[in-house]
Amino acid sequence: MSIIEAVAPLHEAHRDNHTHRDVNGGWLRPAVFGAMDGLVSNLALMTGVAGGAVSSQTIVITGLAGLAAGAFSMAAGEYTSVASQRELVQAELDVERRQLRKHPVDEMEELAALYVSRGVEPKLAREVALQLSRDPEQALEIHAREELGIDPDDLPSPLVAAVSSFGSFALGALLPLLPYLFGATVLWPALLLALIGLFACGALVARVTARGWLFSGLRQLVLGGAAAAVTYGLGMLFGAAL
């Protein structure tokens with residue numbers, strides 16, 4: 001009895017502390033990529049135009065156009081990509097559902113063989129597979145997890161991906177525009193704010209992925225800064241040529 005009493009609190013503590021982040025949801029990846037892409041692409045676009053020695057009004061119009069075009073493009077791309085992925089998964093689930101209906105015994109033996117390959121005793125593996133196969137929907141879920149590596153009840157949403165991508169791209173692309181919208185007439189305030197935003201985004205992503213925040217922030221800062229420097233140089237080159 002004392003062993004049970006000692007183990008029970010351990011199970012409770014493990015259950016309370018042993019949690020994982022959502023790695024299958026449809027919002028995190030498009031939100032992260034959207035914010036990064038919005039910052040880098042619009043900063044590079046604006047610095048490229050600024051390198052051509054144009055007016056601040058032209059830079060603002062260019063930045064707004066880049067924000068709108070990029071946000072809609074990202075949203076459409078994410079929606080199509082996730083919807084296509086979801087349709088492919090549904091098609092594979094339909095195939096598995098038909099196999100379970102037409103060849104239930106073969107599918108049960110296949111599941112048992114899979115458990116045997118993972119070290120379960122053959123007799124026990126067959127008993128487990130038999131019990132799991134009694135419920136068609138549960139059998140489909142088990143086969144989907146084991147054979148396809150997916151959870152039929154946790155598929156990413158195309159709408160969530162599109163909205164996340166649109167919003168995060170727009171926010172990221174807005175950052176280098178803010179100084180100009182508040183009256184700035186030179187590039188450096190926009191560049192400084194965008195570089196700070198790049199570092200902050202990289203550091204924030206590190207909190208989600210458990211990567212070092214300094215490394216992640218500096219990496220994003222260097223990549224975004226390099227893109228801005230290259231496009232500014234190209235803008236100066238083409239501006240002088242024209």
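Residues take their numbers from the sequence shown, with the count starting at 1.
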Closest heavy-atom contact between [X] and [Y]?
X      : Y      : answer
Arg86  : Pro158 : CD-CD, 4.2 Å
Leu93  : Ala144 : CD2-CB, 3.6 Å
Pro122 : Val116 : CA-CG2, 3.7 Å
Thr185 : Tyr180 : C-CE2, 4.3 Å
Leu175 : Pro179 : O-CD, 3.6 Å

Keeping the roles fixed (side chain from [X], backbone from [Y]), state whether a donor-acceptor pair exists under 3.5 Å.
X      : Y      : result
Arg219 : Gly202 : no
Ser216 : Gly212 : no
Ser165 : Gly34  : no

Review point. Can you tell me if CZ on Arg126 sees more than 12 non-hydrogen neighbours from other groups inside 6.0 Å?
Key: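 For Arg126, atom CZ is not crowded (no more than 12 foreign heavy atoms under 6.0 Å).
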
Practice item. For residues 127-136, pull every pair meeting side chain to side chain donor-acceptor pair (under 3.5 Å), keeping only residues two or more places apart or in separate chains. Key: none

Rounded to the nearest 0.5 Å, what's the gap from [atom1] on [X] to [atom2] on [Y]? Could you check?
X      : Y      : atom1 : atom2 : answer
Ile196 : Leu39  : CD1   : CG    : 11.5 Å
Leu111 : Asp106 : CG    : CG    : 12.5 Å
Leu214 : Leu218 : CG    : CG    : 4.5 Å
Leu43  : Leu195 : CG    : CG    : 6.5 Å
Ser168 : Met36  : OG    : CE    : 10.5 Å
Leu114 : Ile142 : CG    : CD1   : 10.5 Å

Side chains of [X] and [Y]: closer than 4.5 Å at any heavy-atom pair?
X      : Y      : result
Leu191 : Met46  : no
Leu193 : Trp188 : no
Phe169 : Ser41  : yes
Arg97  : Asp94  : yes
Arg98  : Val95  : yes
Glu141 : Gln138 : no

Exercise for review: List for me each residue that meets ring pair (Phe, Tyr, Trp, His ring centres under 6.0 Å) alongside Phe72, sequence neighbours excluded, and say none if there are none.
Suggested key: Phe166

Would [X] and [Y] show up in the same hydrophobic cluster when neighbours are defined by side-chain heavy atoms closer than 4.5 Å?
X      : Y      : result
Val89  : Leu100 : yes
Tyr79  : Leu155 : no
Val40  : Leu177 : yes
Phe215 : Leu221 : no
Val163 : Leu171 : no

Exercise for review: Evaluate the side chain to side chain contact (heavy atoms under 4.5 Å, CB included) criterion for residues Phe199 and Val222: first the C-alpha distance (whole Å), next the side-chain angles of each, then the deciding distance (0.1 Å), finally the verdict.
Suggested key: CA-CA 9 Å; Phe199 181 85; Val222 169; over 6 Å; no

Exercise for review: Not counting sequence neighbours, list each pair that qualifies as a ring pair (Phe, Tyr, Trp, His ring centres under 6.0 Å) and has a residue in residues 82-109.
Suggested key: none

Could you pull out all donor-acceptor pairs under 3.5 Å where a side-chain atom in residues 56-65 meets a protein atom, sequence neighbours excluded?
residue	atom	partner	partner atom	Å
Thr58	OG1	Ser55	OG	3.0
Thr62	OG1	Thr58	O	2.7

Point to revise | Test log, rule side chain to side chain contact (heavy atoms under 4.5 Å, CB included), inputs Leu198 and Leu223 | key: CA-CA 9 Å; Leu198 285 168; Leu223 292 174; over 6 Å; no

Compile the donor-acceptor pairs under 3.5 Å between side chains in residues 230-238 and protein atoms, sequence neighbours left out, one pair per line.
residue	atom	partner	partner atom	Å
Thr231	OG1	Ala44	O	2.9
Thr231	OG1	Thr47	OG1	2.9
Thr231	OG1	Ala227	O	3.1
Thr231	OG1	Ala228	O	3.0

Practice item. With sequence neighbours excluded, give me every salt bridge (Lys or Arg N to Asp or Glu O under 4.0 Å) pair touching residues 110-122. Key: Arg118-Glu146

